[in-house]
Amino acid sequence: MKQSLLFVPTLRETPKEAEVISHRILLKGGYIKQTAAGIYSYLPLAYRVIKKIEAIIREEMDAMGACELLMPALQPKDLWLESGRWQDYGKELVRLKDRHDRDFCLGPTHEEVVTAIVRDYINSYKKLPLALYQIQTKFRDEFRPRFGLMRGREFIMKDLYTFHSTDADLDLWYDKTRQAYQNILNRLDLHYRIVNASSGNIGGASSEEFMILCDIGEDTIVYSDESDFASNTELCDLPVGALSPDGKGHILHAKGIEAGHIFKLGTKYSEPMKAFFLDQNQTQQPIIMGCYGMGVSRLLMAVLEQHYRDEVALWPDTIAPFKIHIIPLDKEGTKAYQLSEQLHDALSNRYEVLFDDRDERPGVKFKDADLIGANYRLVCGRKAQQGLFEVTNLREKTMVEMSFEQLLEFLF
Ligand code: ATP
Ligand code: MG
């Protein structure tokens, strides 16, 4: 794509409101724009990254056997009365009325809607298990929206719900989801710990959180220096140096950003909402459920908190907004420009290529290229007459010279 057509409203000054590095990068680089407190537009660069994160999540969800659907954001009060959460959810729930004075809310999560869908269809153990997920905008009127997309009032979440006839089957699917979450976070090149957590107002028996380790995290976790033991301090507050409860190693503390939360719900929703099935003995039982959330827009920021250099993004290869950035250091009509354009045409049906066709000074082009953070930067200028490009791998910071032909061979 031609850079002159890409909408990236970069800022010269670092905005005052951005307290953390990821937020500064996103605002300065023209990735996002605040529309109201805790409410953002994802501009083209951020949206490219978001779609790649979503694609990774979809691949892992589909691979474990979950089925994608899309439920409404606008939800009737009646369903929330059935679950008891119309009262319990409190002020975070965005409530509104339609023109006929009927009450609705904007979904902060979808246990009610999904349970109501499934109860009308699942009547026998033969139709279980079932796993349904969606990627969708959620609404929560957070008391203190902050750090940009980290704690928004409108944000993108992946939510998965599973339905079972036995506890053992729930355990199996819980473990499958746990593994899928690990795959996703590994593919995003994130350092994280899985911690025991409290279940909050979603309810249920046991739950774990996926914490991205990072100083700006709002949660504190305690973990063992030698084993997998890790817990949110909400649940288990041990001092640094204490013996780990599993007897292996000693306790350390760290700050974490919650990227995902997985719950064994049991029958918390199926019972009050009357989602029943007939078991093998023709006895009516409430469906056993699990629910599993993952913050897509929050992940975009969490990745940045762990991947940057000199206040610009160093995207993992899997999610960079572009793979290749071609930059001629001369304007249209020159050899450098012509070679660059040819390369763009040769590569663009294979890769996501950005071609800096603008008549700008090299300094401006490089500064913008830093903010965009494509995996490979191909610069044609000083040695255009010899047909050579300077090829930089942004993450590894290596630079080599290659001819047009060598580049094609390297990239194909
Ligand atoms: P938190 O403790 O951070 O408020 P939560 O326990 O309310 O999170 P869940 O209800 O489990 O979160 O939601 C699933 C996922 O959605 C979270 O793990 C997080 O990644 C993301 N998420 C939750 N609230 C927000 C928000 N306000 N802005 C962005 N992402 C969010
Ligand atoms: Mg919350």
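Sequence positions, counted from 1, serve as the residue numbers for this chain. As the structure lists them, so they are numbered: ligands from 1, and atoms in each ligand from 1.
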Problem - Spatial distance of atom CZ (Phe322) from atom CD (Gln3) [nearest 0.5 Å] - result: 8.0 Å
Practice task
Please identify which atoms of ligand 1 are closer than 4.0 Å to at least one heavy atom of Gly152.
Solution key: 26 (C), 27 (N), 28 (N), 29 (C)
Exercise for the section: With heavy atoms of Arg151 as the reference, note each atom of ligand 1 found under 4.0 Å away. Expected result: 1 (P), 3 (O), 4 (O), 26 (C), 27 (N), 28 (N)
Handout entry: Min side-chain heavy-atom separation Phe404-Phe389 under 4.5 Å
Key = yes
Handout entry: Among His261, Met157, Glu234, closest by any non-hydrogen atom to atom 13 (O) of ligand 1
Key = Met157
Handout entry: Geometric N/O contact Glu258 with ligand 1, under 3.5 angstrom
Key = yes
Problem - Polar side chain donor-acceptor pair, Thr220 to Thr233, under 3.5 angstrom - result: no
Practice task
Considering the heavy atoms of Arg140, write down every atom of ligand 1 situated less than 4.0 Å from one of them.
Solution key: 5 (P), 7 (O), 9 (P), 10 (O), 12 (O), 13 (O), 23 (C), 24 (N)
Exercise for the section: Check each atom of ligand 1 against the heavy atoms of Gly260 and keep those under 4.0 Å away; list them by number with element. Expected result: 18 (O)
Handout entry: Tyr133-Asp62 side chain donor-acceptor pair, cut-off 3.5 Å
Key = yes
Exercise for the section: Check if Leu299 has a non-hydrogen atom at a distance under 4.0 Å from any atom of ligand 1. Expected result: no
Exercise for the section: Give a yes or no on whether the ring-centroid distance for Phe210 and Tyr181 is below 6.0 angstrom. Expected result: yes
Problem - Result of checking Ile262, Leu160, Leu185, Ile135 against Met294 for side chain to side chain contact (heavy atoms under 4.5 Å, CB included) - result: Leu185
Problem - For ligand 1, the portion of Asp219 having any non-hydrogen atom under 4.0 Å away - result: neither
Problem - N/O separation below 3.5 Å, Phe263 to ligand 1 - result: no
Practice task
State the atoms of ligand 1, each with its element, that fall below the 4.0 Å cut-off from a heavy-atom position in Glu142.
Solution key: 24 (N), 26 (C), 27 (N)
Exercise for the section: Would you check if there is a donor-acceptor pair between the side chains of His250 and Ser244 at a distance under 3.5 Å? Expected result: no
Completion exercise
Interatomic distance, CG@Leu407 vs CG@Leu343, rounded to 0.5 Å, equals 5.5 Å
Problem - Nitrogen or oxygen of Ala259 less than 3.5 angstrom from that of ligand 1 - result: yes
Problem - ligand 1 contact by Glu209, heavy-atom criterion under 4.0 angstrom - result: no
